[in-house]
Amino acid sequence: MVDLTQVMDDEVFMAFASYATIILSKMMLMSTATAFYRLRRKVFANPEDCVTFGKGENAKKYLRTDDRVERVRRAHLNDLENIIPFLGIGLLYSLSGPDPSTAILHFRLFVGARIYHTIAYLTPLPQPNRALSFFVGYGVTLSMAYRLLKSKLYL
Amino acid sequence: MVDLTQVMDDEVFMAFASYATIILSKMMLMSTATAFYRLRRKVFANPEDCVTFGKGENAKKYLRTDDRVERVRRAHLNDLENIIPFLGIGLLYSLSGPDPSTAILHFRLFVGARIYHTIAYLTPLPQPNRALSFFVGYGVTLSMAYRLLKSKLYL
Amino acid sequence: MVDLTQVMDDEVFMAFASYATIILSKMMLMSTATAFYRLRRKVFANPEDCVTFGKGENAKKYLRTDDRVERVRRAHLNDLENIIPFLGIGLLYSLSGPDPSTAILHFRLFVGARIYHTIAYLTPLPQPNRALSFFVGYGVTLSMAYRLLKSKLYL
């Protein structure tokens with residue numbers, strides 16, 4: 001039987017596991033940020049939320065949208081759209097026997113770019129801060145996809 | 001050569017595979033629920049859907065939004081935002097050699113909390129039913145992330 | 001120690017890695033398509049984007065929505081909702097020792113159906129082109145989930 005704990009002895013796989021966990025935890029913070037702004041600004045998407053969290057004589061008026069909440073939600077959705085390909089492609093790339101220092105450089109660049117993207121989106125910083133950090137993360141993922149398909153294509 | 005079928009002999013990994021498959025199948029049901037409400041209530045997002053599914057003298061009037069459909073879509077998006085971190089972190093956590101009974105407790109709590117979250121969202125149950133089930137799932141994922149980073153951090 | 005590069009010698013796993021990378025790369029193209037239409041049609045979601053990319057005497061007027069951009073975004077979100085279950089269930093199914101030709105048939109059908117779904121959504125082709133391609137991808141994922149749970153259920 002394979003001792004699965006040995007899989008984690010692989011340097012690249014351990015690094016991937018650490019960076020993936022960090023960037024997923026960052027993504028989860030976006031849910032908390034949305035909840036924070038919804039409660040602070042009393043902006044809810046569901047009538048039952050207004051009743052409980054927006055106490056007052058006329059709770060239904062809190063069923064509305066708000067620039068700040070929508071901005072956090074767009075940043076969250078952009079995370080989903082970009083972190084999912086990184087997770088899938090990065091996991092398979094980690095298993096394809098890449099050069100460790102190249103692989104770890106890919107992971108570091110991606111995580112750094114996505115953290116900067118969130119800062120640029122939520123501050124907000126003027127463009128092209130957000131666009132550039134988006135394209136760094138995008139390029140890193142495509143670079144891993146290219147290396148993976150070049151070495152292991154099997155259709 | 002590694003016999004990959006042996007990977008599935010690991011108790012924690014098999015349990016993760018089962019719970020992950022169950023919660024992903026549940027998430028897929030949300031697509032069917034959206035389609036069901038769209039067809040039943042004749043509420044479409046695309047003109048070509050109105051033409052085919054909203055037969056009648058004036059199909060374009062079905063290009064509209066509806067509270068019930070939007071509620072299902074919000075529940076679906078919340079699933080995406082929470083099940084993705086569970087999948088990524090849970091997979092890596094399963095490979096990091098956790099105590100089996102602790103690991104399986106994490107998986108069970110997460111799956112139970114997310115199923116309850118869907119029920120609370122779609123019924124809808126009064127708050128804080130939905131908020132509590134959200135935070136149970138959120139806490140379970142963070143707990144796995146913490147254990148993983150504590151034992152296997154490699155940056 | 002397990003030599004992780006051997007994992008990729010498994011025929012089914014290599015095929016899964018290739019098809020998953022291809023469909024994730026296709027999904028990433030949707031971000032580029034959104035950016036393309038936003039810049040070409042000057043339709044932005046953030047004030048800072050209008051200032052930089054929508055140069056002119058009155059940039060704020062570009063803070064608006066547009067049918068074409070919204071269509072690409074719906075196609076992207078539908079990809080997220082369907083490719084994530086395929087990734088999670090497909091990965092675990094690949095590790096459960098399936099018959100190679102059956103497994104590869106599943107992967108090919110899914111990838112073909114999702115590419116056709118994108119074409120049907122963006123052209124747009126009349127229904128039920130999009131609905132049928134959606135259900136082929138959906139059925140393939142459920143079929144893998146069923147086979148996985150049947151052979152490896154462990155709760």
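Throughout, a chain's letter reflects where its sequence line sits, starting with A, and its residues are numbered from 1.
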Where [X] and [Y] come nearest, the two heavy atoms and their spacing:
X         : Y        : value
Tyr138(B) : Thr32(A) : OH-OG1, 2.6 Å
Leu148(B) : Ala17(A) : CD2-O, 4.5 Å
Gly88(B)  : Leu24(A) : CA-CD1, 3.9 Å

Under a 4.5 Å heavy-atom cut-off, does chain A meet the side chain of [X], its backbone, both or neither?
X         : result
Ile89(B)  : both
Phe134(B) : side chain
Leu125(B) : backbone

What part of [X] gets closer than 4.5 Å to chain B, counting heavy atoms only: side chain, backbone, both or neither?
X        : value
Ile23(A) : neither
Ala15(A) : both
Ala35(A) : neither

### Query
Could you give the distance from CD1 (Ile84(B)) to CG (Leu80(A)), rounded to the nearest 0.5 Å?
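These two atoms lie 4.5 Å from each other.
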### Query
Roughly how far, to the nearest 0.5 Å, is the CG atom of Leu92(B) from the OG atom of Ser18(A)?
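With rounding to 0.5 Å, OG (Ser18(A)) is 9.0 Å from CG (Leu92(B)).
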### Whether over 12 other heavy atoms sit under 6.0 Å from Arg73(A) CZ
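No.
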### Query
Do Leu87(A) and Leu87(B) touch side chain to side chain, with heavy atoms closer than 4.5 Å?
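Side chain of Leu87(A) against side chain of Leu87(B), heavy atoms only: no contact under 4.5 Å found.
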### Task
Could you check Leu91(A) against Leu91(B) for side chain to side chain contact (heavy atoms under 4.5 Å, CB included), going step by step and ending with a plain yes or no?
CA-CA 10 Å; Leu91(A) 176 71; Leu91(B) 176 70; 3.7 Å; yes
### Task
Could you give me the CA-CA distance, side-chain angles and deciding distance for Asn46(A) and Arg130(B), then say whether side chain to side chain contact (heavy atoms under 4.5 Å, CB included) is met?
CA-CA 11 Å; Asn46(A) 296 291; Arg130(B) 201 181 89 230; 3.2 Å; yes
#### Entry: Salt-bridge contact Glu48(A)-Arg71(B) (side-chain N to carboxylate O under 4.0 Å)
yes
### Leading residue by heavy atom contact count with chain B [cutoff under 4.5 Å; candidates Met28(A), Arg108(A), His76(A), Met30(A)]
Met28(A)
